[in-house]
Amino acid sequence: MTYQTLPKMLAGIDLFSGVPDSVLSDLVSVGTTHSTSPGHTVVAQGSTDAGLQVVLEGSADVEVNGVRRPEILPGGYFGEISVIDGAGRSATLTAGKDGLKTFAISPVNFSPLIDKHPELARSLLKALCARLRAVEASQHD
């Protein structure tokens, strides 16, 4: 993935929907890319390493309390909760059969952007509220 296409990928994620290009550029400027070999752990449930990661290439297998969940594919992300609250990871992710390449932003770099760009905070709140509403609706069905 090239630097020029990364802002477009980020713009397509619900967390960053509608934020200005200048904010996306700031996000890209503070992030890094990580590659993980197939079968290797990316993050472990309960670990306190935090950071938001967006899948650029490959896939990630997901387990929560030993239960397999749907894999995360390019354009998907993980760590959005821990990058905000700093608490332990809620899942274990392992690089899929083709490995995994992600774009990562640490809390140290992410927090100042939230302070600098209120529109980023609003976008995050809207995405997380939508997820909470979906969970609540599924519990009432």
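One-based numbering along the sequence shown. Side-chain atoms are counted along with the backbone in the values below, which use heavy atoms only and exclude waters and symmetry mates. Note that the structure is predicted; figures quoted are calculated from it, not measured.
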Chemist: Identify whether L52 and V43 are in the same connected component of the hydrophobic contact network (ILVMFWY, side-chain heavy atoms under 4.5 Å).
Modeler: no
Chemist: Could you name each residue pair satisfying salt bridge (charged side-chain N to carboxylate O under 4.0 Å, His left out) that touches residues 28-44, not counting sequence neighbours?
Modeler: none
Chemist: Return the set of residues passing side chain to side chain contact (heavy atoms under 4.5 Å, CB included) with V30 (not counting sequence neighbours), or none when no residue passes.
Modeler: I105, N109, L113
Chemist: Start with the C-alpha gap between Y77 and L10, add the side-chain angles, then the distance that decides, and say whether side-chain contact (heavy atoms from CB on, under 4.5 Å) holds.
Modeler: CA-CA 10 Å; Y77 56 85; L10 294 177; over 6 Å; no
Chemist: Might you point out which heavy atoms bring P112 and V108 nearest each other, and give the distance in Å?
Modeler: CD-O, 3.1 Å
Chemist: Mind listing the side-chain donor-acceptor pairs of residues 59-70 below 3.5 Å, one per line with the distance, residues two or more places apart or on another chain?
Modeler:
unit_1: D61; atom_1: OD1; unit_2: R68; atom_2: NH2; d: 2.9
unit_1: N65; atom_1: OD1; unit_2: Q45; atom_2: NE2; d: 2.7

Chemist: Going only through I, L, V, M, F, W and Y residues with side-chain contacts under 4.5 Å, is there a path from I81 to I13?
Modeler: no
Chemist: Under a single-linkage definition using a 4.5 Å side-chain heavy-atom cutoff for Ile, Leu, Val, Met, Phe, Trp and Tyr, are I114 and V28 assigned to the same hydrophobic cluster?
Modeler: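 Linked within one cluster.
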Chemist: Distance from L124 atom CG to E119 atom CD, nearest 0.5 Å?
Modeler: 11.0 Å
Chemist: With no hydrogens and no angle check, is any side-chain donor or acceptor of S138 less than 3.5 Å from a backbone partner on V135?
Modeler: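 Pair found, side chain donor or acceptor close to backbone of V135.
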Chemist: Can you sort out the partners of D49 under salt bridge (Lys or Arg N to Asp or Glu O under 4.0 Å), two or more places apart, ordered by chain and number?
Modeler: R89
Chemist: Which value, rounded to the nearest 0.5 Å, describes the distance between C129 atom SG and R122 atom CZ?
Modeler: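 Interatomic distance, C129 SG to R122 CZ, rounded to 0.5 Å: 13.5 Å.
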Chemist: Going by the rule side chain to side chain contact (heavy atoms under 4.5 Å, CB included), which residues pair with V55 if we only count those two or more places apart in sequence or in a different chain?
Modeler: I72, P74, F78, L100, T102
Chemist: Show your reasoning for whether side-chain contact (heavy atoms from CB on, under 4.5 Å) applies to L6 and L56.
Modeler: CA-CA 9 Å; L6 188 52; L56 302 176; 3.7 Å; yes
Chemist: Hey, any chance F103 and F110 share a hydrophobic cluster, counting ILVMFWY side chains that come within less than 4.5 Å of each other, even indirectly?
Modeler: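 They do share one cluster, since a chain of ILVMFWY contacts under 4.5 Å joins F103 to F110.
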Chemist: Show your working on side-chain contact (heavy atoms from CB on, under 4.5 Å) between V42 and T94 and close with a plain yes or no.
Modeler: CA-CA 5 Å; V42 181; T94 307; 5.8 Å; no
Chemist: Please enumerate all residues that pass side-chain hydrogen bond (donor to acceptor under 3.5 Å, both in side chains) together with R133, with sequence neighbours excluded.
Modeler: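 R133: no side-chain hydrogen bond (donor to acceptor under 3.5 Å, both in side chains) contacts found.
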Chemist: Quick one: CG on L27 to CZ on F16, what's the gap to the nearest 0.5 Å?
Modeler: 5.0 Å
Chemist: For R131, enumerate each residue passing the salt bridge (Lys or Arg N to Asp or Glu O under 4.0 Å) test, keeping only those at least two apart in sequence or located in another chain.
Modeler: E80
Chemist: Could you list all the salt bridge (charged side-chain N to carboxylate O under 4.0 Å, His left out) pairs where at least one residue sits in residues 13-31, not counting sequence neighbours?
Modeler: D26-K116
Chemist: Any sub-3.5 Å donor-acceptor pair from S123's side-chain atoms to L15's backbone N or O?
Modeler: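 Flag set: sc S123 to bb L15 pair under 3.5 Å.
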Chemist: Run the salt bridge (Lys or Arg N to Asp or Glu O under 4.0 Å) test against K126 and tell me which residues pass, sequence neighbours left out.
Modeler: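 None.
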Chemist: Decide side-chain contact (heavy atoms from CB on, under 4.5 Å) for L24 and V19; before the verdict, give the C-alpha distance in whole Å, the side-chain angles of both, and the deciding distance to 0.1 Å.
Modeler: CA-CA 7 Å; L24 296 174; V19 299; 3.5 Å; yes
Chemist: Under 3.5 Å, which donor-acceptor pairs link side chains of residues 31-38 to any protein atom two or more places apart or in another chain?
Modeler:
unit_1: T32; atom_1: OG1; unit_2: H34; atom_2: NE2; d: 3.3

